[in-house]
Undergrad: 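Attaching a single structure in structure tokens format; questions to follow.
The figures here come from the full heavy-atom set of this structure, side chains too, leaving out hydrogens, waters and symmetry mates. The chains referred to below are lettered A, B, ... by the order of the sequence lines, with proteins before strands, and numbering in each begins at 1.
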There are 2 protein chains.
Amino acid sequence: MNGSKGSNGPGDPGGPAPIWPPLTPAERAVAIEVLTNGPTSRSEIARRLGMSGGSLTRLAKPLIDSGLLLEGLTPVATAGQGRPGRPLDIVTDPWHFVGLKITGETVYGVVTTLKSTVVRREDRKLGSAEPEAVAEAAHSIVRTFAEEFPHLAGIGVGLAGSVRERSVAVDSPYLGWKGVSFAPLLEELTGLPVVVENDFAALVEAETWFGSGRGLDRFAVLTIGAGIGYGLVINGEPVRPSDGYRGTAERWILDPSGPLTPHGERGSATAMLTVQSIEYQVRAATGSTVRYEEILDLARRQDPAASRVIGEAARALGILIANIYNFAMPQKILLAGEGVGLMDVAGSAVLDSVDAHRNPHSDPVNLETKVSDFHDWARGAAVLAIQVLVLGDGAGG
Amino acid sequence: MNGSKGSNGPGDPGGPAPIWPPLTPAERAVAIEVLTNGPTSRSEIARRLGMSGGSLTRLAKPLIDSGLLLEGLTPVATAGQGRPGRPLDIVTDPWHFVGLKITGETVYGVVTTLKSTVVRREDRKLGSAEPEAVAEAAHSIVRTFAEEFPHLAGIGVGLAGSVRERSVAVDSPYLGWKGVSFAPLLEELTGLPVVVENDFAALVEAETWFGSGRGLDRFAVLTIGAGIGYGLVINGEPVRPSDGYRGTAERWILDPSGPLTPHGERGSATAMLTVQSIEYQVRAATGSTVRYEEILDLARRQDPAASRVIGEAARALGILIANIYNFAMPQKILLAGEGVGLMDVAGSAVLDSVDAHRNPHSDPVNLETKVSDFHDWARGAAVLAIQVLVLGDGAGG
DNA sequence: GGACTTACTTCTATGTGGAAGTTAATGTGG
DNA sequence: CCACATTAACTTCCACATAGAAGTAAGTCC
């Protein structure tokens, strides 16, 4: 309920009120630069934003005066000679943000600072996936958070499936939702602004602002879990696929003679790489049900069936990564999700496969792996709330 | 020798002199907009460039005064009501540009206007691929052109292989060149500024400025000929692969059980799609040597061997196009080169294959096919000369 | 201590967006 | 047929943000 700050009821015109005072685009760019990159000197900010030093003096002044930025006392440690710069840092107090990841069984929640650092976690098992039941579980989490963090600025909600206007879950297969206006529902209960988004889109935004994609021109994200997610970020802007991140990978055939599983077409990324598909393949081969983590363990210990399945998956993943490099030409690929444990066991096989399908003359592969659990997805949703509340209304799509 | 305009000898500091008077970036943007899009009203230009109408009044004035732009006499035909716009057009006189495409056997040449319209063609067979012999053949073509077009502004040269600083052919396998400084050589002979570039890169630039890629955010080019070329253009800027367009496709495995040919790995794009590979496959199957165009004819008439080879190629091409769509997400793919006759014969098979490997939910395929001969490659090189001379020195690269 | 380097500030010329006004067409009602 | 509203292109003018130059500050290097 957190009534103290419940100023943004549902249906407010112009979207959630920003937590920052009204800023010009240039001022906002400076603030976001500091927010996403940590304490930075004026000259460094000017360089990154492609502005003149003079402009930064002017832009920083009102931001410091209004209490949004803070000028560091100790000069920043400089590499060489010259006058050291004075770092500017952003004031994160008093705000905190809530991120929620909704699966069919559980609502995962986190509290983060403005800089997206997770400071608290909390889950609720779901008895039912009905929107009202989910909203009540979410509300319960938020109530618990609000006791400890009275200044909650907003809530980000991530879920699988397509979402419209950061508000309506148009089609969420795992939850069985179709056209559920979840944001108003939760705003009504909590009195806080709520942003709903596809969970993968939220993770991509989080990595673009605060993670591996910071400052890159071209950046790709590939997640492996219950499904495969692929996203491309160009100049800080995610390229939104027209279908809103719906099961694209089911037709990415990586090996025409690959395994046939209940998920996706024969030899597709979905059929070869998702957690379920790998578990299915081992079950089909051995007759016994083994969980994903155990399969990785078995493969590590050279178990024949597990090794074969994991080896094929590694080769397929290499092809997939090589395709991304060949055609999207990103400067970096981030590999995330629950299913990237594969890289620990068969990382070198994956890299060999990448190299076998890439041009030998081009730059080395820049691949980053980040194992992520459901709380990381929740953090992604929190970042979306941060973006919307920091930018004001019109934060993209 | 066309000595009348031979003011830019080799080694001039600051690169070739622009043919336009010194312009501010905004003025240049306006001029280029008119150059690449044809006669356009001020308000339309403002909309496209994201500027205010007021700015366009200011920017257009000096451009018209200096004689670079011309205000149309007849108002542009407007759709609805309101005051009709006055079209601005660019003055192309008196300049012409030369584009040369160099293969191992022949130098292909074209003359174009500033708007890249081809107005003249001319070839020279090569006795030898030695740089001096090639330069002499090129010089001979330019001399012929100069008789008819006295105001040649510059020469663009396109060749396969990697090129440095738009001047030095670092490595050109078909010509057997390594580290040949061809631009100075030809500048010395002709007295004209010379821009050397990888032929594919030049074609991509041409399509970005004057062709299918105009005004698109994300645009991909795929060429099929003696080799496979792939390029991605983002916001009008080609993404330059770190290897400078060297045989990337030899490891793009489209069908692991595909044919093995002398070119590229088994089932690779090179092995399945290039003109040579298709000719090789038919030769291997039938024992007789048949040329590419005849193979297409045979396939059209249901000849078994030709149909099989072309059918497999069509399926492979569909996979390749689907990959590009899936991972680079361009708004349009342009298919060009000598080997796109495949689309005439097996276009529907290609499209079926594309659809089979793409997400059924996403936007329909936006594919454009443009059969191109060597003169089209020469035109691409001419566009590069236009770009460099229009932008002045620092035109990328 | 002086040369040097880099960060930051101050000042000014300039390019830009936006508001308000003008012009040239179409559409509408008497 | 003519007055008047409407629409959209274009012009004029002003407030203002920006780049760039010049100056000052705060360190390192020799």
Undergrad: Could you tell me how far apart Arg42(A) (CZ) and dA26(D) (P) are, to the nearest whole angstrom?
TA: 13 Å
Undergrad: Checking Arg214(A) side chain against Thr36(A) main chain: does a donor-acceptor pair fall under 3.5 Å?
TA: yes
Undergrad: Could you pull out all residues at least two apart from Arg48(A) that satisfy salt bridge (charged side-chain N to carboxylate O under 4.0 Å, His left out)?
TA: Glu33(A), Glu44(A)
Undergrad: Sorted by first residue and then second, give each salt bridge (charged side-chain N to carboxylate O under 4.0 Å, His left out) pair with at least one member in residues 87-99 of chain B; sequence neighbours left out.
TA: Asp89(B)-Lys115(B)
Undergrad: Which of residues 43-55 of chain B have a heavy atom under 4.0 Å from DNA chain C?
TA: Gly50(B), Met51(B), Ser52(B), Ser55(B)
Undergrad: Can you label the angle between the His151(A) ring and the Trp95(A) ring as parallel, tilted or perpendicular, going by 30° and 60°?
TA: perpendicular
Undergrad: Would you say the side chain of Phe210(B) lies within less than 4.5 Å of the side chain of Thr112(B), judging by non-hydrogen atoms?
TA: no
Undergrad: Output yes when Arg240(A) and Glu197(A) qualify as a salt bridge under the 4.0 Å nitrogen-oxygen rule, no when they do not.
TA: yes
Undergrad: Among residues at least two apart in sequence or on other chains, which ones pass side chain to side chain donor-acceptor pair (under 3.5 Å) with Thr117(A)?
TA: none
Undergrad: So if I take the C1' atoms of five pairs at each end of the helix from dG1(C)-dC30(D) to dG30(C)-dC1(D) and get each local axis, what angle do the two axes make, rounded to 10 degrees?
TA: 10°
Undergrad: Who are the side chain to side chain donor-acceptor pair (under 3.5 Å) partners of Ser52(A), not counting sequence neighbours?
TA: Ser55(A)
Undergrad: Looking at side-chain heavy atoms only, is the closest gap between Gln387(B) and Leu384(B) below 4.5 Å?
TA: yes
Undergrad: Near DNA chain D, which residues from residues 56-68 of chain B have a heavy atom under 4.0 Å away?
TA: Thr57(B)
Undergrad: How would you list, by chain and number, every residue that makes a salt bridge (charged side-chain N to carboxylate O under 4.0 Å, His left out) with Glu368(B), sequence neighbours excluded?
TA: Lys332(B)
Undergrad: Please list each protein N or O that sits under 3.5 Å from an N or O in nucleotides 1-5 of chain C, with the distance.
TA:
unit_1 : atom_1 : unit_2   : atom_2 : d
dT5(C) : O2     : Gly82(A) : N      : 3.3

Undergrad: Would you kindly give the CZ-to-P distance between Arg28(A) and dA17(D), to the nearest whole Å?
TA: 14 Å
Undergrad: Tell me the salt bridge (charged side-chain N to carboxylate O under 4.0 Å, His left out) pairs involving residues 49-73 of chain B, sequence neighbours left out?
TA: Arg42(B)-Glu71(B)
Undergrad: Rounded off to whole Å, could you give me the CG-to-C1' distance for the Leu23(B) and dG15(C) pair?
TA: 15 Å
Undergrad: My understanding is that only residues two or more places apart in sequence, or in another chain, count here; which of them pass side chain to side chain donor-acceptor pair (under 3.5 Å) with Thr92(B)?
TA: none
Undergrad: Could you pull out all residues at least two apart from Ser116(B) that satisfy side chain to side chain donor-acceptor pair (under 3.5 Å)?
TA: Arg379(B)
